[in-house]
S.K.: 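One structure, as structure tokens, below. Some questions next.
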Number of protein chains: 2
Amino acid sequence: MEYNTGLPIYLQVIHELKKRMVKGELRPGEKMPSSRDLAVEFKVNQNTAARIYREMEQAGYCYTRRGIGTFVSEEENMFEELKQEMAGELLTNFMHEMRDLGFKKEDIITRITVYKEDEEHDAGV
Amino acid sequence: MEYNTGLPIYLQVIHELKKRMVKGELRPGEKMPSSRDLAVEFKVNQNTAARIYREMEQAGYCYTRRGIGTFVSEEENMFEELKQEMAGELLTNFMHEMRDLGFKKEDIITRITVYKEDEEHDAGV
DNA sequence: ATCAGTGATATAGTTAGATAGTACACTAGT
DNA sequence: ACTAGTGTACTATCTAACTATATCACTGAT
């Protein structure tokens, strides 16, 4: 995983883990990597890994059992809701930014229609 | 202007100023606010304001004349290019994130088609 | 009882971002 | 010459994020 400049790493990892849940790569009730393994996988300190699970547990996405591990929440419905929520956030942010740049809805739809997979752009300052 | 948690303030201000250039609110050659005024307007320290102009100048979006002020670049073409570049970044990021969540192009177009102005969503962890 | 794997906690140190305050140097207008 | 407005520079301080390292406590299996 490559990290964005600016946004704190632990937030980026949380986002990545939430995506895995939404995509079903982490199933409800399934055991998540130990904090030590998470630290290795994401090349992060154990304290940071612990923070990631602490914050995710507080948000309800997982629960921990001391001495056993951290597990994906068993609230089956949560993840479909989360998927819609994340999509909604992406959409509104995207639309606001595009409108702010002066694009209209039709412009945006046109751009997406002609959008090709391999388009890449620089990330200038 | 309200600031995002996470992303450094100076990057958010730079983004805002770039948008103003793209939208024509800051015209080529026009004098930009003094670093002191910028600090006041964005409720930011003078050092941060100075950094904002320093980085923007390095990126070519403006130039400074000591004792006079900071001015929007006179490269007329730059800003239409910048507009396209920023739109391209927004689009690819958006598409990648949506695909990553499991949405297909048709799903995305449908969502945008039914998108209403006033949609709002929480910014959960 | 022991042990490996786990989460939880603690201390210390580094770095980047941001602030506060001050001072210096240049430019234009008077 | 003087002054106001400007960019530039410096020191000091603060906080959040992150790392390094180590220790403790709990759980399950042997």
Side-chain angles (χ1 to χ4, degrees), chain A residues 1-18 20-21 26-27 29-74 123-125, chain B residues 1-18 21 26-27 29-74 123 125:
Chain A
M1 181 177 181
E2 56 191 17
Y3 296 112
N4 223 329
T5 52
L7 202 62
I9 292 180
Y10 79 97
L11 290 178
Q12 296 182 51
V13 175
I14 288 176
H15 190 250
E16 172 63 25
L17 291 177
K18 282 167 68 177
R20 290 187 187 176
M21 291 172 175
L26 289 173
R27 302 290 308 158
E30 179 181 344
K31 184 178 183 308
M32 298 174 72
S34 77
S35 57
R36 284 173 179 79
D37 286 351
L38 191 75
V40 171
E41 178 183 356
F42 287 97
K43 296 195 182 77
V44 149
N45 188 268
Q46 285 189 22
N47 289 327
T48 305
R51 175 180 190 174
I52 289 165
Y53 280 159
R54 200 187 326 133
E55 303 228 1
M56 288 189 74
E57 180 174 23
Q58 192 185 6
Y61 299 121
C62 56
Y63 61 94
T64 62
R65 296 246 205 91
R66 189 186 184 108
I68 306 183
T70 302
F71 302 83
V72 180
S73 167
E74 291 166 357
V125 173
Chain B
M1 182 177 181
E2 55 191 19
Y3 296 113
N4 223 328
T5 52
L7 202 62
I9 291 179
Y10 79 97
L11 290 178
Q12 297 183 49
V13 174
I14 287 176
H15 189 249
E16 172 64 25
L17 291 177
K18 282 167 69 176
M21 291 174 174
L26 289 173
R27 302 290 310 159
E30 178 181 343
K31 184 176 183 308
M32 298 174 71
S34 77
S35 55
R36 286 172 180 77
D37 286 350
L38 191 74
V40 171
E41 176 182 359
F42 287 96
K43 297 194 180 76
V44 148
N45 188 269
Q46 285 189 23
N47 290 325
T48 304
R51 176 180 189 175
I52 288 166
Y53 280 158
R54 199 186 326 130
E55 303 228 0
M56 289 189 73
E57 180 173 23
Q58 192 185 7
Y61 300 120
C62 56
Y63 61 93
T64 62
R65 296 247 204 90
R66 189 188 183 101
I68 307 182
T70 301
F71 301 84
V72 181
S73 168
E74 291 165 358
V125 173

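Sequence lines set the chain letters: A, B, ... in the order given, protein chains first and strands last, and positions in each chain run from 1.
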S.K.: In whole angstrom, what separates B:Y3's OH from C:dG17's C1'?
M.R.: 13 Å
S.K.: Send over the distance from A:Q58 CD to C:dG7 P, rounded to a whole Å.
M.R.: 18 Å
S.K.: With a 3.5 Å cut-off and just heavy-atom distances, do the side chain of A:N47 and the base of C:dA8 make a donor-acceptor pair?
M.R.: no
S.K.: Nearest whole angstrom, please: distance from the C1' of C:dA16 to the CG of B:L11.
M.R.: 11 Å
S.K.: Report the distance from atom CZ of B:R54 to atom C1' of C:dG17, rounded to the nearest whole Å.
M.R.: 12 Å
S.K.: What's the separation between atom CD1 in B:I52 and atom CZ in B:F42, rounded to the nearest 0.5 Å?
M.R.: 7.0 Å
S.K.: For C:dT6, does OP1 or OP2 lie under 4.0 Å from any side-chain N or O of A:S34?
M.R.: yes
S.K.: To the nearest Å, how far apart are B:K31 NZ and C:dT27 P?
M.R.: 15 Å
S.K.: Calculate the interatomic distance between B:N45 atom CG and C:dA16 atom P; express it in whole Å.
M.R.: 18 Å
S.K.: 5' to 3' on DNA chain D, which nucleotides open and close the contacts with chain A (atom under 4.0 Å from a heavy atom)?
M.R.: D:dA17 to D:dG28
S.K.: Using the closest heavy atom to pick a nucleotide of DNA chain D for each, name whichever of A:Y10 or A:G67 lands nearer the 5' end.
M.R.: A:Y10
S.K.: Let me confirm one number: the CG-CZ distance from B:L11 to B:R51, rounded to the nearest 0.5 Å.
M.R.: 7.0 Å
S.K.: Without decimals, in angstroms, what is the distance between A:Y63 OH and C:dA8 P?
M.R.: 14 Å
